[in-house]
Amino acid sequence: MHEFAYHRPQSLAGAAALVSANPDAKLLAGGMTLIPTMKQRLAAPSDIVDLGGINDLVGITVSDREVTIGAMTPHAVVAASPIVQARIPALAHLASEIGDPAVRNRGTLGGSVANNDPAADYPAAVLGLGATIVTSAREIAADQFFLGLFETALQPDEIITAIRCPVPLAAGYAKFKAPASRYALVGAFVAKFADGVRVAVTGAGAGVFRVPAMEQALSQSFEPTSIASIKIDAAGLTSDIHAEADYRAHLVTVMAKRAVTAASR
Ligand SMILES: Cc1cc2nc3c(=O)[nH]c(=O)nc-3n(C[C@H](O)[C@H](O)[C@H](O)COP(=O)(O)OP(=O)(O)OC[C@H]3O[C@@H](n4cnc5c(N)ncnc54)[C@H](O)[C@@H]3O)c2cc1C
């Protein structure tokens with residue numbers, strides 16, 4: 001690991017000032033991705049700005065229409081939250097299936113969404129729910145946030161503070177896990193709202209994406225059978241040591257059907 005300066009600001013303004021003043025600084029959340037990346041010397045930030053001292057970034061609140069989750073809230077807290085379990089149980093279920101207990105206790109919602117790993121679970125929920133990413137500078141709709149492989153709309157000095165998730169009428173998440181990491185080989189998040197259904201898929205391609213044909217079919221009839229015949233084109237999907245693109249394409253339909261079943265229970 002290369003040398004770096006370590007900072008632990010106590011306020012969002014302090015963290016924002018540090019990343020603005022140091023263009024090669026990196027924010028640290030739970031360190032689940034950043035620390036291994038630095039140990040392998042794939043990242044060499046001049047400064048680490050640890051968000052762990054900013055209490056305002058942790059916690060879960062609810063209003064009539066939204067559940068708001070602080071960026072530094074660990075996965076285990078989301079999974080165990082009575083608010084999330086009551087209002088968006090699919091999101092609590094998704095969080096409970098991330099990695100292992102150590103990852104769930106250190107990894108954070110903001111770190112996962114900022115990192116935008118193509119196989120991460122949270123991006124499917126954030127896009128599937130049509131959530132809003134709240135940052136130190138602005139609010140970004142999920143549809144404009146995820147730009148591709150490890151790429152987001154965040155500016156280098158922008159800090160995610162919270163994610164605002166609309167409460168759906170029903171939602172479900174199903175993933176086919178890679179056995180070693182439990183990352184999604186393919187995961188599908190389906191959310192039903194009064195004005196239609198959203199379907200977001202992770203793991204299958206270079207980044208999370210929606211499936212309009214499934215959204216239209218499910219908006220007409222929210223049943224697994226409505227999407228059983230919808231095939232996903234394998235062109236552009238990922239082929240790697242874990243699975244070929246055509247297998248992933250097949251899994252998208254299977255996982256989306258299971259997500260609808262889970263949502264309908
Ligand atoms: C063994 C293992 C198994 C895993 N399995 C899964 C899995 O099954 N499913 C899954 O979805 N994920 C999985 N993960 C990923 C994990 O859940 C974390 O979400 C992910 O590693 C990010 O970790 P972190 O929150 O600690 O962020 P960090 O590693 O601290 O940061 C990650 C990146 O996000 C940036 N960042 C962090 N917070 C913010 C913020 N608030 N605003 C802006 N940028 C920010 C950092 O600068 C850094 O670039 C796994 C990880 C490991 C190590």
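Both ligands and their constituent atoms are indexed starting at 1 by order of listing.
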Item to complete: May I ask you to check whether over 12 heavy atoms, not counting those of Arg138, lie within 6.0 Å of atom CZ?
Response: yes
Discussion item. Is it true that, when you exclude Arg210 itself, more than 12 heavy atoms of the residues, nucleotides or ligands shown sit nearer than 6.0 Å to its CZ?
Written reply: yes
Worksheet item: Charged N to carboxylate O below 4.0 Å: is that the case for Asp121 and Arg182?
Response: no
Item to complete: Before signing off on this row, confirm whether Ala29 and ligand 1 have an N or O atom pair separated by under 3.5 Å.
Response: yes
Worksheet item: Closest approach of Phe193 and Pro166, non-hydrogen atoms and distance?
Response: CE2-CB, 3.8 Å
Worksheet item: With only distance considered, is Ile98 within less than 3.5 Å of ligand 1 through an N or O on each side?
Response: no
Worksheet item: Of Asp121, Ile163, Asp157, which has the heavy atom at the shortest distance from atom 10 (C) of ligand 1?
Response: Asp121
Discussion item. Below the 3.5 angstrom mark, is there an N/O of Asp100, backbone or side chain, next to an N/O of ligand 1?
Written reply: no
Practice prompt. Would you please classify the geometry between the Tyr247 ring and the Phe176 ring as parallel, tilted or perpendicular, with 30° and 60° separating the classes?
Written response: perpendicular
Worksheet item: For atom 39 (C) of ligand 1, which candidate among Leu51, Val19, Leu94, Ile35 holds the nearest heavy atom?
Response: Leu51
Worksheet item: When you measure from the side chain of Ser219 to the backbone N and O of Val197, does any donor-acceptor pair fall under 3.5 Å?
Response: yes
Discussion item. When you measure from the side chain of Ser226 to the backbone of Ser221, do you find a donor-acceptor pair of N or O atoms at a distance under 3.5 Å?
Written reply: yes
Worksheet item: Which of the atoms in ligand 1, numbered in the order shown and given with their element, are less than 4.0 Å from a heavy-atom of Lys175?
Response: 8 (O)
Worksheet, complete the sentence: On a heavy-atom basis, the closest approach of Pro123 and Ser112 is CD-OG, 4.1 Å
Worksheet, complete the sentence: Heavy-atom proximity to atom 28 (P) of ligand 1, picking from Gly111, Gly31, Gly99, points to Gly31
Item to complete: Could you say whether the N/O atoms of His75 and ligand 1 ever approach to under 3.5 Å?
Response: yes
Discussion item. I'd like to know if Met72 contacts ligand 1, where contact means a heavy-atom distance under 4.0 Å to any ligand atom.
Written reply: no
Please tabulate, for side-chain N and O atoms in residues 86-104, each donor-acceptor pair with protein atoms closer than 3.5 Å (sequence neighbours left out).
unit_1, atom_1, unit_2, atom_2, d
Arg87, NH2, Asp64, O, 3.0
Ser96, OG, His93, O, 2.7
Glu97, OE2, Lys177, NZ, 3.2
Asp100, OD1, Ala102, N, 3.2
Asp100, OD1, Val103, N, 2.9
Arg104, NH1, Ser96, O, 3.4
Arg104, NH1, Ile98, O, 2.8
Arg104, NH1, Gly99, O, 3.1

Fill in: N/O separation below 3.5 Å, Thr108 to ligand 1
yes
Worksheet item: Between the main-chain N or O of Ala228 and the side-chain N or O of Thr253, is there a donor-acceptor pair closer than 3.5 Å?
Response: no
Discussion item. Quick check on contacts: which atoms of ligand 1 are under 4.0 angstrom from a heavy atom of Glu158?
Written reply: 43 (C)
Worksheet, complete the sentence: closest protein heavy atom to atom 8 (O) of ligand 1 is Arg182 O, 2.7 Å
Considering only distance and modelled atom types, tabulate donor-acceptor pairs under 3.5 Å from the side chains of residues 145-155, sequence neighbours left out.
unit_1, atom_1, unit_2, atom_2, d
Thr152, OG1, Leu154, N, 3.1

Practice prompt. Considering heavy atoms of the protein only, find what lies nearest to atom 3 (C) of ligand 1 and give residue, atom and distance to 0.1 Å.
Written response: Ser181 O, 3.7 Å
Response to the item:
closest protein heavy atom to atom 2 (C) of ligand 1 is Val103 CG2, 3.5 Å
Worksheet item: Based purely on interatomic distance, does Met32 place a nitrogen or oxygen under 3.5 Å from a nitrogen or oxygen of ligand 1?
Response: yes
Fill in: Shortest protein heavy-atom distance from atom 24 (P) of ligand 1, along with the residue and atom involved
Gly30 N, 3.7 Å
Item to complete: Verify, without hydrogens or angle tests, whether Thr202 (side chain) and Pro118 (backbone) share a donor-acceptor contact under 3.5 angstrom.
Response: yes
Worksheet entry | Within-cut-off N or O pair, Gly107 and ligand 1, under 3.5 Å | no
Item to complete: Number the atoms of ligand 1 from 1 as they appear, then name those within less than 4.0 Å of a heavy atom of Tyr183, with their elements.
Response: 4 (C), 5 (N), 6 (C), 7 (C), 8 (O), 9 (N), 10 (C), 12 (N), 13 (C), 14 (N), 15 (C), 50 (C), 51 (C)
Worksheet item: Who gets closest to atom 42 (N) of ligand 1 by heavy atom: Leu34, Leu28, Ile160?
Response: Ile160
Practice prompt. Report yes if Ala114 has an N/O atom closer than 3.5 Å to an N/O atom of ligand 1; otherwise report no.
Written response: no
Worksheet item: Which protein non-hydrogen atom lies closest to atom 43 (C) of ligand 1, naming both residue and atom, and how far is it?
Response: Leu27 CD1, 3.5 Å
Worksheet item: Any N/O of Thr33 closer than 3.5 Å to an N/O of ligand 1?
Response: yes
Response to the item:
Scanning both residues in full, the closest heavy-atom pair of Pro9 with Asp50 reads CD-O, 3.4 Å
